[in-house]
*Asks:* 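Can you keep this structure in mind? I'll have questions shortly.
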Amino acid sequence: MKIVVSPSFDERPKGDLLLVPYWEGGSSASSLAPAHDVLTAVLRSGDFKGKVGDVSIVYPGEGQELRICLLGLGRQAVVTAEVLRRAYAAGVKAARVKKNKIVHLLFPKTDPITVEEALRGVIEGVLLSNYAFTELKGDSLIDSPVVLFEQLTLFGLDKKHQKTIDSLQTIAAAVYRARTWVNRNADDANPTQLAEEALRLKTKGLEVTLIDQKRLEKEGMGLLLAVGRGSRHAPCMIQASYRGDPKSKEHILLVGKGVTYDTGGLCLKTPEGMLSMKCDMAGSAVVFAAVQLAEQLKLKINVSALMPLTENAIGSGSYKQGDVYRACNGKTVEILNTDAEGRLILADAIAYGVKRLSPSAIIDVGTLTGAMVITLGEEMAGFFSNDETLSKELSAASIETGEALWRLPLYDYKEALASDIADLANVGGRDASSMKAALFLQEFTDSVPWVHIDMAGPAYISKPKHYHPTKGTGWGVRLLIQFLKHRSRS
Ligand code: BES
Ligand code: ZN
Ligand code: ZN
């Protein structure tokens, strides 16, 4: 979808719908709101309260648009970019019926927040909700077609902001791609196909290389190979690198869990537990999108993404409980639960990254533990870190993008991961299980500043929420690119 800023509201062409924002209580949030009697009547009736996301569609019978949609933004004093995201997403949802092709939007007054913050909120609210995954729909699309906007015109904003809008659009496209990778059939989005797709997306500035099974063997990545053993699709790892600041030694390493389907392996999941497990490669989708964005936005930064890709399948070849496997840094791991596979493939990839890429900071992302969903719910991710600065930077980025994130402690529970026959066990009891996954990963970081993000909650949701569609949300793409933007030299 294209969003264009138009300076002349009075001379606008005829449209199907005009979206007009109001504060709670009914005062107009835009000086361009037309003075139609029907709007006054709606506001007087008390039917429209102006709370965040309230919508009411009226037919003015005259003027430039056939329909006007009143949109509530809540109380002006407490408006934030996130409030605007949610409100404009509700407006877009109400307006997304097939009759509305030419849609006009009024940009709201921005105080007490800045124009830039408001712009981010409005544009992201509109763009992130204008997505639908229809690849797997058939005839049902004929009776109930999915309407997506192709163009929206924004009034009440200086034209100089068009550039920012264009870059927000590039970011939204990356979020869509991450969602689509997750939403596809796990059978299609298998390690081989995801690797092929990543290789296809390589450009002059974005180097994409495949580390295939043979190379994994040479590198001694026994943990990733172990998890992949039960599947007919060979495991592999993709490295995507962008060097936007060749003079600098700084190099950020992103590592994303890429389990294309998690059956639990021999420790088989329950049907309910397995139902959403096509989401288990969301971490890989997010880190790839972030590096690609760093290149598209030409950030002055060096960043690489590692995507260990495998299926955690059940079969006669599956890796076994009680057996011991060796990571590429030589550490041995006793498998006490084959369903705790995410930490195994991340550990191998982190150790590989530390050895080969000398990163100055590592951020790993993945859908690691069900316990994190219990702790923070479907809307928040938790993170663990060995570094205060990195943690603060990430928390700040999260507030800006609205991707809610909470730091959890790395308490000294390491003895729970002790093994009688290996250097480490992959699990250590049910208590503090998200933290134990983090403690396990920490063993592979070689004390490089590091963050582990467990996004098992928000990566994949069962019902649409705010500007997220159902299923894959693309959670984390905006967070990582915002973090990288702040880290980059401008
Ligand atoms: N992929 C799952 C975690 C998950 C659960 C992601 C729910 C998204 C939603 C992970 O591989 C897993 O199975 N973790 C186990 C760890 C346990 C065996 C220590 C879990 O959470 O039960
Ligand atoms: Zn698992
Ligand atoms: Zn998993």
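This structure is a prediction, so every number in the text was calculated from the model and none was measured. Indexing begins at 1, ligand by ligand and atom by atom, following the structure's order.
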*Asks:* Does the separation of the ring centres of F384 and W450 fall below 6.0 angstrom?
*Replies:* no
*Asks:* Counting from 1, what ligand 1 atoms have a heavy atom of V427 closer than 4.0 Å?
*Replies:* 19 (C)
*Asks:* In terms of relative ring orientation, are Y176 and Y131 parallel, tilted or perpendicular, with 30° and 60° separating the classes?
*Replies:* tilted
*Asks:* Could you check whether any side-chain heavy atom of L405 comes within less than 4.5 Å of a side-chain heavy atom of W475, counting everything from C-beta outward?
*Replies:* yes
*Asks:* Hey, is ligand 1 close enough to T369 that some N/O pair sits below 3.5 Å?
*Replies:* no
*Asks:* At what distance is the nearest protein heavy atom to atom 10 (C) of ligand 1, and which residue and atom is it?
*Replies:* L368 O, 3.1 Å
*Asks:* Please lay out, stage by stage, how R478 and E400 fare under the test salt bridge (Lys or Arg N to Asp or Glu O under 4.0 Å).
*Replies:* CA-CA 9 Å; R478 292 178 304 118; E400 289 172 296; over 6 Å; no
*Asks:* Suppose we measure from atom 18 (C) of ligand 1 to each protein heavy atom; which comes out shortest, and what is that distance?
*Replies:* N337 ND2, 3.4 Å
*Asks:* Please find the N/O/S atom of D262 nearest to the Zn ion (ligand 3) and write down its name.
*Replies:* OD2
*Asks:* For ligand 1, which atoms sit closer than 4.0 Å to a heavy atom of T367?
*Replies:* 1 (N), 2 (C), 3 (C), 6 (C)
*Asks:* Can you check whether A371 has an N/O within less than 3.5 Å of an N/O in ligand 1?
*Replies:* no
*Asks:* Could an N or O of ligand 1 be found under 3.5 Å from any N or O of D262, whether backbone or side chain?
*Replies:* yes
*Asks:* Kindly confirm or rule out an N or O of R343 lying under 3.5 angstrom from an N or O of ligand 1.
*Replies:* no
*Asks:* Is there side-chain contact between Q292 and R177, with at least one heavy-atom pair below 4.5 Å?
*Replies:* yes
*Asks:* Does a side-chain heavy-atom distance below 4.5 Å link V333 with I335?
*Replies:* yes
*Asks:* Is at least one protein non-hydrogen atom found at under 4.0 angstrom from atom 22 (O) of ligand 1?
*Replies:* no
*Asks:* Going by the order shown, which atoms of ligand 1 are within less than 4.0 Å of some heavy atom of K257?
*Replies:* 1 (N), 10 (C), 11 (O)
*Asks:* Please determine, by modelled atom types, if N302 and D245 share a side-chain donor-acceptor pair under 3.5 angstrom.
*Replies:* no
*Asks:* Please state which protein non-hydrogen atom is closest to atom 20 (C) of ligand 1 and give its distance, to 0.1 Å?
*Replies:* G370 N, 3.9 Å
*Asks:* Can you check whether L297 reaches S167 side chain to side chain, under 4.5 Å on heavy atoms?
*Replies:* yes
*Asks:* Before signing off on this row, confirm whether S276 and ligand 1 have an N or O atom pair separated by under 3.5 Å.
*Replies:* no
*Asks:* Could you walk me through whether E82 and R86 pass the salt bridge (Lys or Arg N to Asp or Glu O under 4.0 Å) test, one step at a time?
*Replies:* CA-CA 6 Å; E82 180 62 10; R86 294 178 186 188; 2.9 Å; yes
*Asks:* With a cut-off of 2.8 Å, does any N, O or S atom of D280 fall short of it relative to the Zn ion (ligand 2)?
*Replies:* no
*Asks:* Is K257 close enough to the Zn ion (ligand 3) to have an N, O or S atom under 2.8 Å?
*Replies:* yes
*Asks:* Side chains of Q482 and R487: is there a donor and an acceptor less than 3.5 Å apart?
*Replies:* no
*Asks:* Is there a donor-acceptor pair closer than 3.5 Å between any side-chain N or O of T338 and the backbone N or O of Q321?
*Replies:* no
*Asks:* So which protein heavy atom does atom 12 (C) of ligand 1 come closest to, and at what separation?
*Replies:* D339 O, 3.2 Å
*Asks:* Give the atoms of ligand 1, by number and element, whose distance to some non-hydrogen atom of K269 is under 4.0 Å.
*Replies:* 2 (C), 12 (C), 13 (O)
*Asks:* Would you mind naming the N, O or S atom of E341 nearest to the Zn ion (ligand 3)?
*Replies:* OE2
*Asks:* Going by the order shown, which atoms of ligand 1 are within less than 4.0 Å of some heavy atom of M277?
*Replies:* 1 (N), 4 (C), 5 (C), 6 (C), 7 (C), 8 (C), 9 (C)
*Asks:* Any chance the side chains of E379 and H468 put a donor and an acceptor closer than 3.5 Å?
*Replies:* no
*Asks:* For ligand 1, which atoms, with element, lie under 4.0 Å from some heavy atom of E341?
*Replies:* 11 (O)
